[in-house]
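To start, the structure under review is shown below, and the notes come after it.
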Amino acid sequence: MVQAYILIQTEVGKAAAVAGEISGIPGVTQAEDVTGPYDVIVRAEANNVDELGKLVVAQIQAVEGITRTLTCPIVHI
């Protein structure tokens, strides 16, 4: 299982709507709108890195109002 935090920048005033829509995507375990340089922080999981990439590119980035994403895989050292 691969888990990651996905940091999202949105268009002005779209953070709550983006977080709400993303929270319904399978594989997303949490989506919160926040303040600071990013507008939404998402925690997601997938079976492997390829599936995580597909989740981000095909489903999360397709949500209207997103301008940029940064995916941060979780590592256990």
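Just so it is clear, the structure is predicted and the values come from calculations on it, not from any experiment.
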d(K54 NZ, N48 CG) to nearest 0.5 Å is 8.0 Å
Heavy-atom closest pair (L7 atom, C72 atom, distance to 0.1 Å) is CD1-SG, 4.1 Å
Verdict with reasoning, N47 to M1, per side chain to side chain contact (heavy atoms under 4.5 Å, CB included): CA-CA 5 Å; N47 290 324; M1 181 70 61; 4.1 Å; yes
Exercise. Given the rule that I, L, V, M, F, W and Y join up when any side-chain heavy atoms are under 4.5 Å apart, are I6 and I41 in one cluster?
Worked result: no
- Tell me, do E45 and I74 make a side-chain contact under 4.5 Å, heavy atoms counted? no
Let's go through V28 and I60 carefully: what are the C-alpha distance in whole Å and the side-chain angles of both, what is the deciding distance for side chain to side chain contact (heavy atoms under 4.5 Å, CB included) to 0.1 Å, and is it a yes or a no? CA-CA 9 Å; V28 170; I60 292 175; 4.2 Å; yes
dist E21:CD -> I66:CD1 (nearest 0.5 Å) comes out at 8.0 Å
Side chains of I8 and I22, heavy atoms from C-beta outward: is any pair under 4.5 Å?
yes
Check for a donor-acceptor pair, side chain of T29 on one end and backbone N or O of R43 on the other, with a separation under 3.5 Å.
yes
Side-chain heavy atoms of I25 within contact of V42, under 4.5 Å = no
ask   = Taking the side chain from T67 and the backbone from Q9, do they hold a donor-acceptor pair closer than 3.5 Å?
value = yes
Of all heavy-atom pairs linking E32 and A19, the shortest is C-CB, 4.3 Å
Report whether Y5 and V56 are members of the same hydrophobic cluster (ILVMFWY, side-chain heavy atoms less than 4.5 Å apart, transitive linking). no
For L55 and P26, the nearest pair of non-hydrogen atoms, with its separation, is CD1-O, 3.5 Å
